[in-house]
Novice: 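Okay, handing you the structure first.
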Amino acid sequence: MKCNDMHVLFAASEMVPFAQTGGLGDVIGALPAALAQLGLKVSVVLPCYRGVLQSGLDLKPVPGEYSVPLGGRGLGYSLLETTVDGVQLYFVDRRDFFDRDGLYLDSSTGADWFDNGERFAFFSRAVVDLALVLEPRPRIVHCHDWQTGLAPAYLSTLFGQDRRFEHTASVFTIHNIGYQGIFPKDFLPQTGLDWSVFTPEGLEFYDRISLLKAGIAYCDALTTVSVKYAEEIQTEEYGFGLDGAVRAQNQKLHGILNGADYSRWDPSTDESLPRRYSLEDSSGKDECKKALLREMNLDPDGGRPLIGMVTRLAAQKGIDILLGALDRIMEQEVNLVLLGQGSRELEEALSWQEGRFPERMRVHISFDERLSRLIEAGSDFFLMPSRYEPSGLNQIYSLRYGTVPIVRATGGLDDTILDVEDAPVAGNGFKFQPYTSEALAGCVERAVRFYRERPADWKKLMERAFREDFSWPRSAERYLEVYCWASARRSGRNVT
């Protein structure tokens, strides 16, 4: 069988537009369709969340009775299906697990659902059972993050000698190693696995179990979402305690940069903007900047450079060093607009800082897709000072919107942004390395000076940003190579 003839089953807990908390949803919303364009048969299986039921999708029941054994009891469920963009979608429907207000957290309290371990062990087991009944049987089961980490473990242990899976390989993708699905070791019997997997080489993690580690240990191929992040997660600084587990499996580790879905993120077609624009006619970008400033109640005619930021307010995103750098940044006579929500402590700290700079700084505490797009379009610079960033997508979206990124050199930010002062002909942004407020402030000062003092070079920089192409087909080709590699490895052929 040729690699591009194979059937790939994606298993994930998020997919735009049905369920999303971060970049995982964007990936699952775009990569399967890109692989289908290469000729693969691609299916996706997701939990049937409340948002799916309310989405208006034409969901059809899959005939049959379905149940998986878990924790000594059978858990029944229904399967629903539909097709979107040539990709077959399946939804595992068990209402007491997934028909809730919040994917992983109780929205009313902000706390993890008490039964997250059971919910996603059940889902992972249902993924394997679905793979048994699909025709043709999947050659690849591609699992994502801790919520599906048990599926490779089931394929390797419970079904390791099952001839029906003789030619089925598992691929596991780490989108963010900081989220590990850790549960007490007493939970292990509820997964249906026996104690032989509770070892440092298996699921054991400091006398607990990690479902992310299950995927790392038992998959046939391991991927993560940028080349730099594949290096970083093997270090103590970025591995969150799993760096040793990743190093032990590095012979099967592949870094593949996430792509951008330009059908959704393109200023020439973005209907949420007050005026659309493109490289050929960028005048609409100025109108977007004025519209953003007016909406934020900032002076639209002040001529100041505008720095935008759309982010989760979490320690990962560099808010701590931003707070420490604000005095120096605002000394540059810039406007700063920030959209995000998350940590209550960070929300309050940023709101307090807004009060110190009432004429030039706005903090909008919410999730607002329309406003996030206007910030992408209306800003001159897009700021991402992340402590770590596995792939990052906003810097890629910013480039397409002609907005110049200012980023810290980590993960996918380092892979996608080339500092214009290091590469005057090819550079597409500004980058700093040390995770300090001083380094961040210094980088912003360099960027603002470039903007003010070199208008001709600034115009060329914006044009290069518009032309950058991080579309999914290129990344999909790399995934196809990994699928071929994993399939050969599963079949016992020598691979390098």
Side-chain angles (χ1 to χ4, degrees), residues 9 11-13 45-49 65-79 92-100 102-106 111-133 141 143-162 164-165 168 170 172 174 177 179-220 222 240-242 244-246 248-249:
L9 174 63
S13 60
V45 57
L46 300 152
C48 191
Y49 299 114
E65 296 183 0
Y66 302 94
S67 177
V68 297
L70 208 67
R73 61 192 179 112
L75 296 177
Y77 62 96
S78 301
L79 270 178
V92 175
D93 185 14
R94 185 177 168 95
R95 302 294 167 92
D96 61 333
F97 277 168
F98 301 122
D99 185 9
R100 302 181 182 184
L103 304 188
Y104 319 123
L105 308 176
D106 183 338
D112 289 348
W113 289 113
F114 69 95
D115 58 349
N116 272 346
E118 184 179 12
R119 296 170 73 218
F120 290 105
F122 159 79
F123 177 64
S124 294
R125 187 66 167 79
V127 167
V128 176
D129 276 19
L130 175 63
L132 278 174
V133 301
V141 178
C143 302
H144 298 262
D145 275 352
W146 72 262
Q147 293 88 348
T148 59
L150 284 173
Y154 291 140
L155 286 167
S156 181
T157 57
L158 300 181
F159 293 90
Q161 303 303 315
D162 193 319
R164 293 173 295 179
F165 284 133
T168 298
S170 63
F172 185 67
I174 301 171
I177 204 168
Y179 299 94
Q180 301 180 349
I182 297 174
F183 300 95
K185 66 181 179 183
D186 294 344
F187 173 68
L188 182 62
Q190 294 186 55
T191 68
L193 298 170
D194 65 42
W195 286 100
S196 64
V197 302
F198 190 70
T199 66
E201 296 74 34
L203 276 66
E204 190 270 334
F205 185 70
Y206 297 99
D207 207 38
R208 296 174 292 173
I209 63 172
S210 165
L211 303 194
L212 187 76
K213 193 175 180 217
I216 295 170
Y218 289 103
C219 67
D220 294 297
L222 178 64
F240 286 85
L242 286 175
V246 177
Q249 303 292 338

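Keep in mind that this is a model prediction, so the values were computed, not measured. No hydrogens, no waters, no symmetry mates; every other heavy atom, side chains included, goes into these values.
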Novice: Is a donor on one side and an acceptor on the other found under 3.5 Å between the side chain of W113 and the backbone of L105?
Specialist: yes
Novice: Inspect the contact between R73 and E118 and indicate whether a charged nitrogen and a carboxylate oxygen are less than 4.0 angstrom apart.
Specialist: yes
Novice: Got a second to check how far L155's CG is from T168's OG1, nearest 0.5 Å?
Specialist: 7.5 Å
Novice: Rounded to the nearest 0.5 Å, how far does CG of D129 lie from OG of S124?
Specialist: 11.5 Å
Novice: Closer than 3.5 angstrom, by distance alone: can the side chain of R94 be matched with the main-chain N or O of G76 as a donor-acceptor pair?
Specialist: yes
Novice: A12 and L46: which non-hydrogen atoms are nearest, and at how many Å?
Specialist: O-CD2, 3.3 Å
Novice: Parallel, tilted or perpendicular: which fits the ring planes of F120 and F98, with parallel below 30° and perpendicular above 60°?
Specialist: tilted
Novice: Just by distance, do the side chain of T157 and the backbone of A153 share a donor-acceptor pair under 3.5 Å?
Specialist: yes
Novice: Check step by step if side-chain contact (heavy atoms from CB on, under 4.5 Å) holds for V128 and L150.
Specialist: CA-CA 10 Å; V128 176; L150 284 173; over 6 Å; no
Novice: Quick one: closest heavy-atom pair of L79 and L130, and the distance?
Specialist: CD1-CD1, 3.8 Å
Novice: Looking at OG of S210 and CD1 of I216, how far apart are the two atoms once the value is rounded to the nearest 0.5 Å?
Specialist: 6.5 Å
Novice: Going through the distances and angles, do Y104 and S13 end up as a side-chain hydrogen bond (donor to acceptor under 3.5 Å, both in side chains)?
Specialist: CA-CA 10 Å; Y104 319 123; S13 60; 2.7 Å; yes
Novice: What distance do R208 atom CZ and F183 atom CZ have between them, rounded to the nearest 0.5 Å?
Specialist: 11.0 Å
Novice: What verdict does the side-chain contact (heavy atoms from CB on, under 4.5 Å) test give for L75 and F97, after you've listed the backbone C-alpha separation in whole Å, the side-chain angles of each residue and the deciding distance to 0.1 Å?
Specialist: CA-CA 11 Å; L75 296 177; F97 277 168; 4.1 Å; yes
Novice: Could you measure the distance from the CZ atom of F159 to the CG atom of L132? Nearest 0.5 Å is fine.
Specialist: 5.5 Å
Novice: Search all heavy atoms of D145 against all heavy atoms of F172 and return the closest pair with its distance.
Specialist: O-CE1, 3.3 Å
Novice: Check Y179 against L212 and note the closest heavy-atom contact, atom names and distance.
Specialist: O-CD2, 3.8 Å
Novice: Please tell me if the side chains of W146 and N116 come closer than 4.5 Å, counting only heavy atoms from C-beta onward.
Specialist: yes
Novice: Can D115 and R100 be counted as an ion pair, charged N to O under 4.0 angstrom?
Specialist: yes
Novice: Hey, is the main chain of Y206 close enough, under 3.5 Å, to the side chain of E204 for a donor-acceptor pair?
Specialist: yes
Novice: Is the Lys NZ or Arg CZ of R125 less than 6.0 Å from the centre of F122's six-membered ring, within 45° of the axis?
Specialist: no
Novice: Taking all atoms of both residues into account, what is the closest heavy-atom pair of S67 and Y77, and its distance?
Specialist: N-CE2, 3.8 Å
Novice: Nearest 0.5 Å please: distance from the OG1 atom of T191 over to the CD1 atom of I209.
Specialist: 6.0 Å
Novice: Whether the side chain of D220 engages the backbone of S170 through a donor-acceptor N/O pair (distance < 3.5 Å, no angle test) should be reported.
Specialist: yes
Novice: How close do Q190 and L70 get, heavy atom to heavy atom, and via which atoms?
Specialist: O-CG, 3.1 Å
Novice: Quick one: does K185's side chain have a donor or acceptor within less than 3.5 Å of a partner on F205's backbone?
Specialist: no
Novice: Evaluate side-chain contact (heavy atoms from CB on, under 4.5 Å) for L242 paired with Q180, printing each intermediate quantity in order.
Specialist: CA-CA 9 Å; L242 286 175; Q180 301 180 349; 3.6 Å; yes
Novice: Evaluate the criterion side-chain contact (heavy atoms from CB on, under 4.5 Å) for residue pair L193 and F198; output intermediate values, then yes/no.
Specialist: CA-CA 9 Å; L193 298 170; F198 190 70; over 6 Å; no
